[in-house]
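Reading through the structure tokens given below for one structure.
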Amino acid sequence: MTAPPASVARWVDEVTQWCAPAAVRWCDGSPEERADLCRLLVERGTLIPLARPDSFLARSHPGDVARVEARTVICSATAQDAGPTNRWADPDLTRADLRARFRGSMAGRTLYVLPFAMGPIGAAATRYGVQLTDSPYVALSMAVMTRLGTAALDRLHHDPFVPCWHSLGAPLAPGQADVPWPCDPERTCIAHFPDQPAIWSYGSGYGGNALLGKKCLALRIGSVLAQREGWMAEHMLLLALTSPEGRTWHLAGAFPSACGKTNLAMLAPTLPGWTVRCIGDDIAWLRIGADGRLRAINPEAGFFGVAPWTSLASNPHGMATIAHGAIFTNTALTADRDVWWEGMTAQPPAGLTDWQGRAWTPGTPGVGPAAHPNARYTVPVTNCPILDPAWHDGEGVPIDAILFGGRRMGTIPLVNEALSWEHGVFLGSTCASETTAAAEGATGVVRHDPFAMLPFCGYHMGDYFAHWLEMGARLDAAKRPRVYYVNWFRKGSDGRWLWPGFGDNARVLAWIAGRLAGSTSARRTAVGNLPAVDGSDAIDTSGLSLAPGAMAQLTAVDVAGWTREIASVRAFYATLGNRLPAALARELDQLQSRLAATAKAG
Ligand code: GTP
Ligand code: SPV
Ligand code: MN
């Protein structure tokens, strides 16, 4: 290896002095290094080799299983800069506090130096980071999720990098035996310093808490840089949709955690002749291209996907993606050394070991699921059989439509087209969703999650809304993406899904394509443009066996439901004070008066 950039070398020295690791290892992202890390992790008992090729199972500490939003802080200069939707922490106090925790925290462990790129190396959109960590599992995962290694390090002779300081917080005294998943859940803290920018994460080895290129850099710090520099960092999947006639559209979709991004990005359409290609499943960086269009890249290089309910029926391309070279975390283990999770097959195989390593017998009173509900797989995107070659294009793909969504049992239609860019930004700002196992805390509680960015926007949410309006204003009207709000999660009065979802979501995408092509007309309603219930402008439901009246219910304007929705949005907007853009307050008032007119007419 050539000499590392002085700035990186200096920082590595400082952290080495402070954290006192037993060794330092500079990672190059090579296959040999992967094999070596896997071997080491198997020896320690962190990874269990699986029957499928080059694949392993990790079991985390039961207290370290998801993002911890309550311990994630934004350390901007003032609390106002972070805004009411974030946990703000004083930068100086947090630095002092975390420094104390980091002191000696890597004793007995190896410090891994992980130079990485978010985006294709050398592209204008790409940003760089260096993560220092004492977790070989994190080193292994970062090499999958990012473009990690020598090529990224070489860029740092010229390009700036975001320092990402990470420790498990589990120093080893001489002779002390290690545990399979070291961590310090009681003292975990994930701190973001947008003005440096820098990321300090202590105590957790799991997912977004520890793989710092992902939510910390690409979204929380990314969103701050994007606002300053005039681009967008979003919690979005990216896909290319091609019609039977061969016309292709690019769609971006923001749904909250565990609400269907990966599944939509890998969609296997049930409508004959339609194809989907995957560009990204979680994060998109968007900027206005030389052609005046909004162009998006996927800054990641891997998928960190939800395992439960992934099956050959629901996501065959996902199943193919994880057939080899996959690190599973917190799934169940089968008797023949493979993985299993709820929803993979209708019946669990006999002889399962649950995610905590205990023999698992379904039906035993008090026994939980075999796989943790937030069990995940980590795989390179190049494993995906429908990966679009454009995933690696630094210019990005031109976005034709933006989808927002969430997990909502009632009120929100299957698909709703925004009346304008402003109305589209309004729809994004009003997103609410039932909470999921992706984050610590209760699940199934509806909370406002604007643009699916509630846990990921690194600055004031009102200013973030304003940034969306400004980006639209910079785009020619004819080049602005159209905006849709979708909801796959409506339930009937019997508690069953009204819409089959998954591959059948292609039917909704096809309707959107018809709208983009100008060949499909819609019903203009108080809440937006909705599909016809039947006829040639309706969503194609041929071959589906839906409950009677399901399509009418999925595309109706539920006046009572929307009245409650408006009250809830008004209360949420009020928390943003005078940083709420006037255009959005106006959109809310206009929706209310349109709805009142509908109620009167109806
Ligand atoms: P993050 O990685 O946390 O950001 O999640 P995600 O948005 O990528 O969600 P993902 O696609 O992994 O789906 C999460 C859960 O929702 C899985 O259990 C899926 O099986 C389920 N799901 C996804 N799409 C659908 C759908 O169309 N209908 C229904 N009923 N469930 C779905
Ligand atoms: C999410 O929670 O939105 C995820 C998983 O994609 S994590 O990387 O842990 O944030
Ligand atoms: Mn996500």
Side-chain angles (χ1 to χ4, degrees), residues 6-21 24 64 67-107 109 111-116 127-135 138 142 156 160-171 183-206 208-225 227-228 455-460:
S7 54
V8 181
R10 208 176 317 120
W11 182 51
V12 171
D13 281 347
E14 272 169 34
V15 169
T16 304
Q17 305 242 331
W18 194 260
C19 293
V24 175
D64 191 21
R67 281 186 296 104
V68 280
E69 295 184 359
R71 293 170 175 276
T72 299
V73 296
I74 305 292
C75 302
S76 39
T78 70
Q80 262 297 304
D81 295 338
T85 60
N86 277 310
R87 284 156 205 80
W88 176 79
D90 179 89
D92 293 331
L93 293 179
T94 306
R95 256 191 295 266
D97 189 15
L98 278 176
R99 269 191 175 283
R101 292 182 213 189
F102 274 123
R103 175 143 223 173
S105 70
M106 298 186 182
R109 302 190 180 280
L111 184 167
Y112 298 88
V113 182
L114 314 175
F116 64 92
R127 294 290 179 272
Y128 301 89
V130 177
Q131 180 162 351
L132 304 189
T133 180
D134 53 1
S135 164
V138 167
M142 282 291 287
L156 305 187
F161 68 93
V162 179
C164 305
W165 189 3
H166 176 245
S167 175
L168 298 169
C183 58
D184 188 3
E186 299 296 307
R187 298 202 302 157
T188 291
C189 178
I190 299 105
H192 303 73
F193 302 91
D195 296 327
Q196 265 49 58
I199 299 158
W200 292 12
S201 168
Y202 173 91
S204 166
Y206 197 93
N209 302 332
L211 313 180
L212 301 185
K214 196 174 179 56
K215 297 301 161 61
C216 298
L217 197 164
L219 289 180
R220 296 196 194 93
I221 295 295
S223 62
V224 173
L225 300 180
Q227 189 221 21
R228 288 181 193 154
F456 307 123
C457 179
Y459 62 102
H460 197 295

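Everything numeric here is computed off the predicted structure, so don't read it as measured data.
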N-O pairing of Asp195 and Arg228 below 4.0 Å: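 Yes, this pair counts.
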query: Thinking salt bridges, do Asp92 and Arg95 make one under a 4.0 Å N-O criterion?
result: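 Answer for the salt bridge query: yes.
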Close side-chain approach of [X] and [Y], heavy atoms under 4.5 Å:
| X | Y | result |
| --- | --- | --- |
| His166 | Leu168 | yes |
| Pro21 | Asp134 | no |
| Leu217 | Leu212 | no |
| Cys216 | Ile190 | yes |
| Cys189 | Leu98 | yes |
| Thr72 | Arg67 | no |
| Pro84 | His460 | yes |

How many angstroms lie between [atom1] in [X] and [atom2] in [Y], if you round to the nearest 0.5 Å?
| X | Y | atom1 | atom2 | result |
| --- | --- | --- | --- | --- |
| Asp13 | Trp18 | CG | CH2 | 15.0 Å |
| Ser135 | Leu211 | OG | CG | 8.5 Å |
| Leu114 | Thr133 | CG | OG1 | 6.5 Å |
| Arg87 | Arg71 | CZ | CZ | 11.5 Å |

field: Reference residue Tyr202; test side-chain hydrogen bond (donor to acceptor under 3.5 Å, both in side chains); the match among Thr188, Asn209, Asp184
entry: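 In the set Thr188, Asn209, Asp184, the residue that makes a side-chain hydrogen bond (donor to acceptor under 3.5 Å, both in side chains) with Tyr202 is Asp184.
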Just by distance, do the side chain of [X] and the backbone of [Y] share a donor-acceptor pair under 3.5 Å?
| X | Y | value |
| --- | --- | --- |
| Ser204 | Ala210 | no |
| Arg109 | Ser167 | no |
| Arg103 | Ala20 | no |
| Arg127 | Ala218 | no |
| His192 | Cys75 | no |
| Trp88 | Gln80 | no |

- request: Please lay out, stage by stage, how Cys183 and Tyr206 fare under the test side chain to side chain contact (heavy atoms under 4.5 Å, CB included).
  value: CA-CA 9 Å; Cys183 58; Tyr206 197 93; over 6 Å; no
If you take all heavy atoms of [X] and [Y], which pair is closest and at what distance?
| X | Y | result |
| --- | --- | --- |
| Pro194 | Ile74 | CG-CG2, 4.1 Å |
| Lys215 | Phe456 | CD-CE2, 3.3 Å |
| Asp64 | Gly205 | OD2-N, 2.8 Å |
| Ser7 | Phe161 | OG-CE2, 3.7 Å |
| Arg101 | Ser105 | O-CB, 3.5 Å |
| Asn86 | Cys457 | ND2-O, 2.9 Å |

task: Step by step, work out the side chain to side chain contact (heavy atoms under 4.5 Å, CB included) result for Tyr112 and Met142.
output: CA-CA 11 Å; Tyr112 298 88; Met142 282 291 287; over 6 Å; no
query: Taking the six-membered ring for Trp, are Trp165 and Phe102 parallel (under 30°), tilted (30 to 60°) or perpendicular (over 60°)?
result: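 It falls in the parallel class, under 30°.
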query: Taking it one step at a time, do Trp200 and Thr94 satisfy side chain to side chain contact (heavy atoms under 4.5 Å, CB included)?
result: CA-CA 10 Å; Trp200 292 12; Thr94 306; over 6 Å; no
